[in-house]
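To keep things clear, I will list the structure first and then write my remarks on it.
Sequence lines set the chain letters: A, B, ... in the order given, protein chains first and strands last, and positions in each chain run from 1. Just so it is clear, the model here is predicted, and its values are computed rather than measured.
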Amino acid sequence: MEPTQHPNDKLTPSQKKAVLHKDGPLLVIAGPGSGKTRVITSRIAALIDSGVNPRNICAITFTNKAADEMRQRAFALGKAAGTHISTFHSLCVRILRQYANFAKINPNFSIYDSAEQSQCIKQAIKTCELDTTNFSPARMLEAVSTLKNKLITPEDFEKNSDDFFSNTLAKIYQHYQNILTENNALDFDDLLMKTAYLLEDNPDICQQLGDRYKFLLIDEYQDTNHAQYKIAKSIASTHNNICVTGDPDQSIYRWRGADIRNILAFETDYPNATVVKLEENFRSTPNILKTADKLIAKNQNRKIKSLIPTRPPGEDIAVEAFEDEKYEALAVADQIKNLEDKGAKLKDIAVFYRVNSASRVIEEAFVKNKVQYQIVRGVEFYSRKEIRDLLGYLKILVNPQDEVAFLRIINTPTRGIGKTTINKIAAYADSKNVTFYDALKNVDKIDSLSKAPKAKIAVFVNMIEQFKKDVGGNVGPIAEKIFTESGLENFLSTSKDQNALENVDELINAAHEYDKQTEQPSLLDYLQQISLFSDTDTYDKTKGAVSLMTLHAAKGLEFENVFIVGLEEGMLPHERAADNEDELEEERRLFFVGITRAKTRLFISYAKYRTIRGQFQRTSASPFLYELGISLTESTEENDYEYERSHDDTEFDHYDHPSPQTPQFAIGQLVRHKKFGLGRVIKFVDMGPDSLVEIKFNAGQTKTLMLKYAKLEKIE
DNA sequence: GGACTCTTGGTTTTT
DNA sequence: CCAAGAGTCC
C-alpha cells in the first residue's frame, strides 16, 4: 500500500527469496515498513514472468483501498490484467453468486450492513419476547457475529447451550437468521460463513476454484478470522500454492474474530512451508523504531522479531502533556503550522486517535486555525439517510424480498402510508406466509384496510412495477430516473439538509462512473459492490490536506509526520480492554501500529483533563507512555493558544455543596502522599466527593490528584 | 398520519 | 454528549 522505496530499487536477499519462491506454501513474516506490499506485487509479476496465466492468480487484501492500490501497482509492473485482486468479502460475493444454487441461496441477495442488521436483530429480539435492556441489540449482534466468524450455525450453537443466556442467544440467533433468509439478505459475516460451508460441503467446487486460482496470495494474514482461514485453506487445498504475509505484532482485529493463531500456526498447518522474515525497516528513523520496539517488547504473547533500521538517525520523538483536549488539539494545529514553515506538505501529515469521537475537537481546532484536513471515515457516505433512501429503491428492484428496504422507502417521500397501514400489511403477509411485497401487490385482499390506504398502496406498487421495466444495462440512468420519479428529488429539495441533494448527485455520478468502468454493468452487481465499500476507501492520499483517522484505519499507511493524541488511561488502552491481558496486548499492538506509521517525525500527546460524554474529567497518562522510555514534557505554553476554557476553575469554586465528609485543603498546606512523598497544596478544587488537589511535591513534579483516591496525610 | 418534543439509554475499533 | 424511540399534539 505504501510507496516504500528500497534503495537502488533492488530487492534484499530475503525479499528476493519471497518474490522468487516457486510452488508450495510460503509464509512471509513482515515487520512494519519492510516493503511487504512491494514484495507481493513483485511476486505477482514474477509468477506471470515465469509463465503463470494472470487469471490463475488471486490476491486477497484487507480493504478495497488496498486492493485498488495493489491492482495499480501490479498493473504498472505489466501483464497483471486478469489477476483477481480483491478483499475476502468481494471474493465471497463472487463465489456465492456463481454457486448460488449449491449454497442454497438466491443470487440476488441484498447485503446488510450494520444499520440493517440492527433492524433485523431488534425484530428477532422482539419475536423472542425479550426485553432489549437485558438483551441489547448491539451485544446480541456482536455475539452472533462472533459465532458466525467461528462458523457456528444456529443449530450447532443451540445444541451446545446449557444456560439461560446461551439458550436465549441461540433463539435470537436462529430468529435473526430466519429474518435474513426471508429478506433474501446476507450480512457481512454470512458472506464468509456461507462461502466456507459451500466449500466444505462441495469438494468439486474447491477443485474448480483451485483450478481457477492456482496461486493464492493473502495479505494481512494476522487479521484473518476462522471463516477466512477455512476459505483460504479450501481454495488452496488442491495445490497448496498459498502465500500469506503478515505481522503478528500488527494484529488489531481480535474483536472482529481475527485469530492470531492462523499466522502463528501456519508452519504446522502447512508443514512444508517456506518461511521468510523481513525485518529490515525502510520507513522510519531509528529513533521511532527503537521506541516502537520498546513498547511491543512488553507484550508477553508474541514471537520475538527485530526491527532493523536502515535510515540515518532522525529527530527525537515528542511526548507532551496538555491541559485538556482543546489545548491538545490547538497544539497539534500549531505544530502543523510549524511543520509547514519547515516545508512539510499537509498530505504528509496524519493525526491518529483511538475513537472516532475524538476527531471533533481536532476538527474544531483545524477549522479555527485554517488547517485543511480530510477525515478518513467520518460519517460514512453510504449510511447517510438520503443515500440509503435512494439505494432502498434500487435494492427492491433487484430483490423484492428485501422488506427492510421496503419499510425504508414505502413512505419516503411521504405518501400517506403510515404506521398503522404498514402494520396491517405486515400482519397480513405473516398470516398468509407471503412476502411483504406480495402483500402489497394483493392489497385488495387485505380486509382490515379501508379504501384510501388501498388506493395509495396501489399507486406505489404501480410505480415500483414501472421502475422494474428499466432494470438491465447501465445503473446511472436508472438511479437518476428513480430519484426524480419517486418524488425523492422534490422531497429533498425542500429538506433542511443542504447537502442532501449534493450527496445524491455524488451517488449518481458514482453510478455513472461504475457503468464506465465495468464490462457488464448490472444493478445487482453495483449494489453488492457498494455494500462492501467503506469510507476509508475514498481516502485520497494526494490531496493537500492533513489526514485524520482512527488507529485502526491507519493500518497499512505511512506518513512523514504523525501525531498520536489521547494517550490516556481509558482511551489508549481503551477502558473496555482494561481488565483483560489479551485485550491490553491488542491495545499495545494498536499503539505500535500507530507509531510505526511515522517515517520521520512522531508527536505523541495526552490531555490532563478530557471531556468524556459531556463530563470534564481528570485523566492519567497512559501506562504505555512509561513503556516507551521517553521522558514526558509538560506544555508550558498554554497561554499561547487562544481559547477560553469552558469549565474554568471559578466554576468549581462556586460549587454549591461542599461535602462535610471530605477534608478541605488550604493553599500551602503541607501534605504527605504515600508514593510521591512530601509536597504543598497549590490548588484545591472543592467538588464534594470528587474534589481535586494539585500538589507540588518536593521531589519536583506537580500532580493533580483526586482526593478520594490520593489518601493524603495533612502535616502541621 | 405526521411533525414535533421529550426521555431514555448507550457509548471502540470495521469488512 | 448524542441518537433513537416514545409520547404528544395538530
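When distances are taken from the side chain of A:R576 to each of B:dT13, B:dT11, B:dT15, the shortest belongs to B:dT11. Comparing B:dG2, B:dT15, B:dT14 against the side chain of A:N411 picks out B:dG2 as the nearest. With B:dT15, B:dG1, B:dT12 as the choices, the nucleotide that has an atom nearest any side-chain atom of A:R256 turns out to be B:dT15. Considering only the side chain of A:T420, B:dG1 comes nearest among B:dG1, B:dT11, B:dT15.
Of the side-chain N and O atoms in A:S357, none sit less than 4.0 angstrom from OP1 or OP2 of B:dT12. In this structure, A:N356 does not reach the B:dT11 phosphate: none of its side-chain N or O atoms is under 4.0 Å from OP1 or OP2. Neither OP1 nor OP2 of B:dT15 sits under 4.0 Å from any side-chain N or O of A:N225. One finds no side-chain N or O of A:S136 lying less than 4.0 angstrom from the OP1 or OP2 phosphate oxygen of B:dG10.
Salt bridge status for A:K148 with A:D190: present, with a side-chain N to carboxylate O gap under 4.0 Å. Of the charged side-chain nitrogens involved, none lies within less than 4.0 Å of a carboxylate oxygen, so that A:E363 and A:R360 do not count as a salt-bridged pair. A salt bridge is absent between A:E583 and A:R576; no separation between the charged side-chain nitrogens and carboxylate oxygens falls under 4.0 Å. Note on A:E585 versus A:R302: no salt bridge recorded, every NZ/NE/NH1/NH2 to OD/OE distance being 4.0 Å or above.
The ring of A:H574 lies on top of the base of B:dT12, close enough and flat enough: under 5.5 Å between centres, under 30° between planes. Between the side-chain ring of A:F88 and the base of B:dT15, no stacking contact exists by the 5.5 Å and 30° definition.
Per the geometry, CG belonging to A:D187 stands 13 Å off C1' belonging to B:dT14, to the nearest Å. Rounded to an integer number of Å, the gap from CD1 of A:I252 to P of B:dT15 is 11 Å. Atom pair A:E142:CD and B:dT12:P shows a separation of 9 Å (rounding to whole Å applied). The interatomic distance linking A:I111 (CD1) with B:dT14 (P) rounds to 19 Å, in whole Å. In this structure, A:K456 places its NZ atom 11 Å from C1' of B:dG2, rounding to the nearest Å. Distance CG (A:L191) to C1' (B:dT15): 9 Å, rounded to an integer number of Å. Rounded to whole Å, the distance from CZ on A:F62 to P on B:dT13 is 15 Å. Residue A:R415 contributes atom CZ, which lies 11 Å from atom P of B:dG2 at whole-angstrom precision.
In summary, the aromatic rings of A:Y112 and A:F188 are positioned with their centroids too far apart to meet the 6.0 Å limit.
Cation-pi geometry between A:R618 and A:Y609 is satisfied (NZ or CZ under 6.0 Å from the ring centre, within 45° of the ring normal).
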* Asked: When every nucleotide of nucleotides 1-6 of chain C is labelled 5' to 3' by its protein contacts under 4.0 Å (heavy atoms), B for base, S for sugar-phosphate only, - for none, what sequence of letters results?
  -> BS-SS-
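From A:S145, atom OG reaches atom CE of A:M140 across 13.0 Å, with rounding to the nearest 0.5 Å.
Considering all non-hydrogen atoms of both residues, A:K194 and A:I105 come closest at CD-CG2, 4.2 Å. What you find for A:I564 and A:G594 is that their closest heavy atoms are CD1-C, 3.6 Å.
Each of A:E323, A:E325, A:E328 was evaluated against A:R610; a single residue qualifies, A:E328, per the salt bridge (Lys or Arg N to Asp or Glu O under 4.0 Å) test.
Among the heavy atoms of the strands lying under 4.0 Å from A:T421 are primed sugar atoms or P, OP1, OP2 only; no base atom is included. Here A:S114 lies out of heavy-atom contact (under 4.0 Å) with every strand. Using a 4.0 Å heavy-atom criterion, one finds that A:A138 contacts the sugar-phosphate atoms exclusively.
Relative orientation of the A:F624 and A:F591 rings is parallel, given thresholds of 30° and 60° on the angle between their planes.
Taking the C1' atoms as reference points, B:dT13 lies 22 Å from C:dA4, given to the whole Å.
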Distances for protein N or O near nucleotides 5-8 of chain B N or O, under 3.5 Å:
none

